[in-house]
Amino acid sequence: MADQRIAPRLSRLPTVEIGGVVVPVASDARSRLLGLALLDRSEAGHGLLIPGCASVHSYGMRFPLLLAFLDEESRLLSLRFLPPRRFARHRGAAAVLEIATG
């Protein structure tokens, strides 16, 4: 993540490598609720992993998201494009990777 400007609220989170890319992990209630909302695209980095999550919203988003719904072993279940002010879920997902697009 050192090659990108990232929002301070994301830079303090623990990180994990998924598919060769290091992303922050939403490990507290605030980061789980906000996700990438209210950030500029340039501050979102490579994305945000939200464990224990099967649904997300894009209220407050300034850019669309690509959502990767993952199972318990981080295998891809579904990919979905989510414009701002929408809601998406995938029954049975163990985590969601929010990827900033646009």
Side-chain angles (χ1 to χ4, degrees):
M1 279 195 231
D3 60 327
Q4 292 192 2
R5 190 176 108 213
I6 189 164
R9 78 170 199 234
L10 297 178
S11 65
R12 67 176 172 73
L13 296 173
T15 60
V16 66
E17 184 176 330
I18 296 184
V21 177
V22 177
V23 295
V25 178
S27 58
D28 59 34
R30 181 175 186 258
S31 62
R32 292 175 65 80
L33 175 67
L34 289 176
L36 298 177
L38 307 176
L39 298 177
D40 289 332
R41 169 61 191 96
S42 63
E43 296 178 303
H46 293 296
L48 178 69
L49 179 66
I50 308 172
C53 180
S55 62
V56 296
H57 67 82
S58 61
Y59 299 98
M61 293 301 301
R62 296 179 179 168
F63 48 86
L65 294 172
L66 179 62
L67 302 176
F69 290 93
L70 308 172
D71 70 7
E72 295 82 13
E73 284 82 39
S74 296
R75 293 180 300 219
L76 183 64
L77 295 173
S78 173
L79 273 178
R80 296 199 192 154
F81 178 78
L82 190 67
R85 297 175 306 281
R86 300 290 195 281
F87 176 85
R89 74 180 193 126
H90 185 94
R91 187 178 303 237
V96 178
L97 177 60
E98 291 185 344
I99 303 165
T101 64

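Keep in mind that the numbers below use all heavy atoms, side chains included, and drop hydrogens, waters and symmetry copies. We're numbering straight along the sequence, starting at 1.
- The OG atom of S27 sits 7.0 Å away from the CZ atom of R12 when rounded to the nearest 0.5 Å.
- Separation of atoms CG (L66) and CZ (R80) is listed at 11.5 Å; rounding is to 0.5 Å.
- V21 and L70 fall within a single hydrophobic cluster, where Ile, Leu, Val, Met, Phe, Trp and Tyr are joined by side-chain heavy atoms under 4.5 Å apart, directly or via other members.
- For S11 against I6, the heavy-atom pair with the smallest separation is CB-CG2, 3.9 Å.
- Side-chain contact between E98 and L67 is present, with heavy atoms from C-beta onward closer than 4.5 Å.
- Residues I18 and L76 are members of one and the same hydrophobic cluster, defined by side-chain heavy-atom contacts under 4.5 angstrom among Ile, Leu, Val, Met, Phe, Trp and Tyr.
- Annotation: side chain of V25 is not in contact with side chain of L13 (no heavy-atom distance under 4.5 Å).
- Under the 3.5 Å distance criterion, the side-chain polar atoms of R86 are left unmatched by any main-chain donor or acceptor of F81.
- When all heavy atoms of L36 and G47 are compared, the closest pair comes out as CD1-CA, 4.4 Å.
- Nearest heavy-atom pair, S31 versus A26, reported as atom, atom and distance to 0.1 Å: OG-CA, 3.3 Å.
- The heavy-atom pair separating H57 from L82 by the smallest distance is C-CD2, 4.3 Å.
- Cluster annotation: L97 is connected to V16 through the hydrophobic network of ILVMFWY side chains, with a link wherever side-chain heavy atoms come within less than 4.5 Å.
- With D40 contributing its side chain and E43 its backbone, the two residues share no donor-acceptor pair below 3.5 Å.
- Shown here for V96 and C53, the closest heavy-atom pair between the two residues is CG2-O, 3.5 Å.
- Between L65 atom CG and I99 atom CD1 the span is 9.0 Å, to the nearest 0.5 Å.
- Taking both residues in full, the closest heavy atoms of P83 and P64 are given as CA-CB, 4.2 Å, listed atom of the first, atom of the second, then distance.
- When side chains are defined from C-beta on, L48 does not count as touching V23, because their heavy atoms never get closer than 4.5 Å.
- Judged purely by atom type and a 3.5 angstrom limit, T15 has no side-chain atom pairing as donor or acceptor with the backbone of P24.
- The line from NE2 of H90 to OG of S55 is 12.0 Å long, rounded to the nearest 0.5 Å.
- Put simply, the side chain of F63 reaches to within 4.5 Å of the side chain of M61, judged on heavy atoms.
- Atom-to-atom distance recorded for S42:OG and R62:CZ is 10.0 Å, nearest 0.5 angstrom.
- A distance-only check finds no donor-acceptor pair linking the side chain of R9 to the backbone of R30 [under 3.5 Å].
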